[in-house]
Amino acid sequence: MYKELFTTFFKIGAFTLGGGYAMIPIIESEVVDKNKWIEKDEFLDLIAISQSCPGVFAVNISTFIGYKIRGRWGAVCTTLGAALPSFLIILVIAMFFHQFMNVGWVAAMFRGTRPAVVALIAVPTFNLAKSAHINLANCWIPIVSALLIWGLHVNPIWIIIAAGVGGYVYGRVLK
């Protein structure tokens, strides 16, 4: 099982461009749909926890999933599996990138991947919104949160705290 956890997350880490958020649909496909290691609701909870913890999102979610499935050693396997490909790729790039910085086609490739990376991040965002039951009545919450962070440079921690307090008040007082 540990080898399977490591290879699954190594494959995810090796073939996902765009960072941790771009990994969400692939992790969900492998962990929830294909292998059925955890349920969809648990996966959404792990995403929320991973986002609110300090550190790299992809490492956080890999660690939590591994821990949920196989405890401490499962967490070690999934974390190494998810982080090792990026580490190795960045190491190789760092060793040779200075030789390619001024090559036109390399610069063009990086410019070309930017819109694709935005799409890779947008798709899981919409899927998460759907799974979190974001609708016309409550869509103002993520929109206002994003505008506060982007436009007014409000620290995301304050948004998380406000959302937690608001959720508590709503659940205790209003419902």
Side-chain angles (χ1 to χ4, degrees), residues 1-97 113-114 116-134 141-142 145-146 149 154-168 170-171:
M1 182 66 171
Y2 296 117
K3 182 181 176 187
E4 187 177 2
L5 287 171
F6 177 81
T7 55
T8 298
F9 278 86
F10 188 89
K11 180 176 59 172
I12 291 167
F15 296 105
T16 305
L17 300 174
Y21 294 104
M23 289 179 157
I24 292 173
I26 298 169
I27 293 173
E28 181 179 5
S29 173
E30 289 289 325
V31 172
V32 176
D33 301 332
K34 182 180 172 189
N35 293 309
K36 301 196 184 315
W37 288 332
I38 60 175
E39 297 294 321
K40 174 87 169 174
D41 290 342
E42 290 177 299
F43 182 71
L44 290 173
D45 292 341
L46 292 175
I47 288 173
I49 293 168
S50 299
Q51 288 175 326
S52 58
C53 289
V56 179
F57 174 75
V59 172
N60 289 348
I61 193 161
S62 300
T63 304
F64 288 131
I65 289 171
Y67 189 81
K68 174 81 175 144
I69 296 169
R70 285 303 234 190
R72 184 181 313 143
W73 290 111
V76 169
C77 291
T78 55
T79 301
L80 286 175
L84 195 57
S86 298
F87 173 76
L88 295 174
I89 291 167
I90 294 299
L91 183 64
V92 170
I93 289 172
M95 290 169 42
F96 300 106
F97 188 68
T113 60
R114 287 178 190 156
V117 169
V118 170
L120 288 171
I121 294 170
V123 168
T125 300
F126 290 119
N127 289 338
L128 285 173
K130 191 168 131 183
S131 298
H133 307 292
I134 303 295
I141 298 169
S145 298
I149 293 168
V154 173
N155 190 317
I157 293 184
W158 293 116
I159 302 295
I160 293 168
I161 291 169
V165 169
Y168 178 79
Y170 179 78

Student: Distance from L91 atom CG to L84 atom CG, nearest 0.5 Å?
Tutor: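 Going from CG on L91 over to CG on L84, the span is 10.5 Å.
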Student: Taking everything shown except I157 itself, do over 12 heavy atoms lie less than 6.0 Å from its CD1?
Tutor: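 No, CD1 of I157 has 12 or fewer neighbouring heavy atoms, counting only those of other groups under 6.0 Å.
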Student: Which value, rounded to the nearest 0.5 Å, describes the distance between E28 atom CD and I26 atom CD1?
Tutor: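 Output value for this atom pair is 11.5 Å.
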Student: Any idea which heavy atoms bring L44 and S131 closest together, and the distance?
Tutor: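 L44 and S131 have their closest heavy atoms at CD1-CB, 3.4 Å.
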Student: Can you name the nearest heavy-atom pair linking A83 to V59, along with the distance?
Tutor: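 Closest approach of A83 to V59, heavy atoms only: CB-CG2, 4.2 Å.
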Student: So which heavy atom on C77 is nearest to which on F6, and how close?
Tutor: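 Closest approach of C77 to F6: O-CD1, 3.5 Å.
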Student: Go through the steps to decide whether I61 and F9 satisfy the test side-chain contact (heavy atoms from CB on, under 4.5 Å), and finish with yes or no.
Tutor: CA-CA 11 Å; I61 193 161; F9 278 86; 5.8 Å; no
Student: What's the spacing between D45 CG and S50 OG if we round to 0.5 Å?
Tutor: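 D45 atom CG to S50 atom OG measures 10.5 Å (nearest 0.5 Å).
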Student: A75 and T63: which non-hydrogen atoms are nearest, and at how many Å?
Tutor: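 Taking A75 first and T63 second, the nearest heavy atoms are CB-O, 3.5 Å.
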Student: Atom OH in Y2, atom CG in L5: separation rounded to 0.5 Å?
Tutor: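 Interatomic distance, Y2 OH to L5 CG, rounded to 0.5 Å: 8.5 Å.
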Student: Got a second to check how far I27's CD1 is from I65's CD1, nearest 0.5 Å?
Tutor: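 The CD1 atom of I65 is 5.5 Å from CD1 of I27, to the nearest 0.5 Å.
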Student: Would you find more than 12 non-hydrogen atoms of other residues, nucleotides or ligands less than 6.0 Å from Y67 atom OH?
Tutor: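 Not buried by this count: 12 neighbours or fewer within 6.0 Å.
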Student: Determine whether a donor-acceptor pair (N or O, by modelled atom type, separation under 3.5 Å) exists between the side chain of S29 and the backbone of P25.
Tutor: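 A pair under 3.5 Å: no.
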Student: For the atom pair CZ (R70) and OG1 (T78), what is the distance rounded to the nearest 0.5 Å?
Tutor: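 Spacing of CZ (R70) from OG1 (T78) equals 12.5 Å.
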Student: For the residue pair F10 and P85, what are the closest heavy atoms and their distance?
Tutor: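 That would be O-CG, 3.4 Å.
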Student: I'd like to know whether L128 forms a side-chain contact (heavy atoms from CB on, under 4.5 Å) with I24, so could you lay out the CA-CA distance, the side-chain angles of the two residues, the decisive distance to 0.1 Å, and finally the verdict.
Tutor: CA-CA 9 Å; L128 285 173; I24 292 173; 4.1 Å; yes
Student: Apply side-chain contact (heavy atoms from CB on, under 4.5 Å) to the pair K34 and T8, showing each step before the final yes or no.
Tutor: CA-CA 11 Å; K34 182 180 172 189; T8 298; over 6 Å; no
Student: Run the numbers on V76 and W73 for side-chain contact (heavy atoms from CB on, under 4.5 Å), then give the verdict.
Tutor: CA-CA 5 Å; V76 169; W73 290 111; 4.1 Å; yes
Student: Identify the two heavy atoms, one from I69 and one from M1, that lie closest to each other, and give their separation to 0.1 Å.
Tutor: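 In this case the closest contact between I69 and M1 is CG2-CE, 3.5 Å.
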